[in-house]
J.: 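The structure under discussion is supplied below as structure tokens; questions concerning it will follow.
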Amino acid sequence: MATTFSSSAQLSRRGALAGGALLLAGGLFATPRQAYAQAAPAAPSGPYTLPPLPYAPNANEPHIDAATMELHHGKHHAAYVTNLNTALKDHSQLAALPLEELLTKLAEAPESVRTALRNNGGGHANHAMFWQIMGGKDSTPSGELAEAITRDLGGLDKMKSDFNTAGGRVFGSGWVFVTVARDGKLALTSRPNQDTPLMEGTKVLFGNDVWEHAYYLKYQNRRPEYLAAWWNVVDWAKVGERYTAAKAGTLKV
Ligand code: MN
């Protein structure tokens with residue numbers, strides 16, 4: 001990338017813009033062979049693997065299109081997993097930790113891999129959660145989860161509105177989350193890049209990805225439209241299971 005940018009900088013403005021367009025086209029429409037070519041040579045096989053999507057790539061249409069799901073899961077998430085494994089290759093003690101524990105110990109990780117662990121470990125945790133809590137159709141929160149949303153976040157409509165506002169305010173790439181404490185208390189928060197409340201030891205109930213790669217093919221720059229439409233695919237039964245697990249102390253990422 002550094003080479004590409006420095007050579008672009010030497011071109012005319014028109015040339016640089018064309019170069020940028022080619023870069024974008026290469027990123028979006030690269031064949032699988034090209035896309036994997038960079039990561040393949042030194043990629044170790046573990047300890048992490050890409051979890052399969054728990055539904056077909058078109059399961060969230062029309063709100064999230066199949067092409068976005070395939071790229072997002074099969075390329076972006078896969079790259080986080082590959083890069084996480086690479087960062088852990090020579091650090092067997094860190095590699096043996098559960099992911100949620102690794103994310104609370106970034107400050108203790110060697111500086112040479114700390115940023116890679118933060119970005120790719122966070123990316124793996126965030127996306128593993130993200131696929132789980134989608135695939136829903138016309139569901140609504142129920143039981144203790146619905147009560148907690150009313151008690152802590154002002155009800156479903158207010159929570160959605162505040163969540164969408166927070167998502168719109170993330171500058172650049174990041175996430176919006178609803179976190180859950182061991183006593184069941186919910187809170188709304190956001191993080192830049194692939195950071196996650198797990199890094200502070202706080203469990204994530206659910207969250208939405210506001211990186212452009214999550215919505216750009218269908219919504220282009222219209223992030224608010226994506227944020228509004230995304231609620232249609234949240235699987236509230238799954239979120240309810242996560243809520244129960246959080247209170248039981250068994251929720252992972
Ligand atoms: Mn993403």
Side-chain angles (χ1 to χ4, degrees), residues 1 23-24 27-30 32 35-36 38-39 48-61 63-87 99-100 103 115-136 163-164 166-179 189-199 204-235 238-239 242 252-253:
M1 285 302 267
L23 267 182
L24 181 64
L28 290 175
F29 301 113
Y36 284 120
Q38 289 180 322
Y48 291 100
T49 54
L50 180 67
L53 272 184
Y55 35 70
N58 66 357
N60 296 305
E61 287 193 346
H63 308 291
I64 302 179
D65 57 291
T68 294
M69 289 297 291
E70 284 168 348
L71 281 167
H72 198 175
H73 175 263
K75 298 289 169 27
H76 291 281
H77 188 178
Y80 298 130
V81 172
T82 297
N83 295 336
L84 176 58
N85 286 333
T86 299
L99 179 56
E100 63 274 17
L103 292 174
T115 300
L117 294 178
R118 178 175 184 164
N119 290 339
N120 297 291
H124 181 35
N126 284 336
H127 290 84
M129 172 278 298
F130 189 55
W131 313 129
Q132 276 184 34
I133 54 96
M134 296 193 292
F163 189 101
N164 293 352
R169 282 182 182 156
V170 173
F171 183 76
S173 298
W175 288 76
V176 194
F177 300 99
V178 168
T179 60
T189 189
S190 63
R191 292 290 184 281
N193 305 313
Q194 293 295 354
D195 284 359
T196 156
L198 288 168
M199 291 168 180
V204 169
L205 180 63
F206 68 89
N208 193 4
D209 186 345
V210 299
W211 284 56
E212 284 186 343
H213 69 221
Y215 61 86
Y216 204 83
L217 288 185
K218 181 177 174 70
Y219 296 94
Q220 289 87 48
N221 62 323
R222 304 187 304 279
R223 187 191 287 180
E225 271 184 47
Y226 159 73
L227 281 161
W230 178 77
W231 295 105
N232 290 295
V233 303
V234 173
D235 182 346
K238 190 72 201 179
V239 177
R242 289 176 61 85
K252 304 294 184 189
V253 294

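Indexing begins at 1, ligand by ligand and atom by atom, following the structure's order.
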J.: Check for me whether the distance between the ring centres of F163 and W230 falls short of 6.0 Å.
T.: yes
J.: Which angle, to 10 degrees, forms at the Mn ion (ligand 1) with NE2 of H72 on one side and NE2 of H127 on the other?
T.: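 Centred on the Mn ion (ligand 1), the NE2/NE2 angle is 90° (to 10°).
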J.: Identify, by name, the N, O or S atom of H213 lying closest to the Mn ion (ligand 1).
T.: NE2
J.: Taking the six-membered ring for Trp, is the centroid-to-centroid distance between H213 and H72 below 6.0 Å?
T.: yes
J.: To make sure I understand the geometry: which N, O or S atom in D209 is closest to the Mn ion (ligand 1)?
T.: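 For D209, the N, O or S atom at the smallest distance from the Mn ion (ligand 1) is OD2.
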J.: Give me the ring orientation class for H77 and H127: parallel if the planes are under 30° apart, tilted from 30 to 60°, perpendicular past 60°.
T.: tilted
J.: Answer yes or no: is there a side-chain heavy-atom contact under 4.5 Å between E225 and K218?
T.: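 Side-chain contact under 4.5 Å: no.
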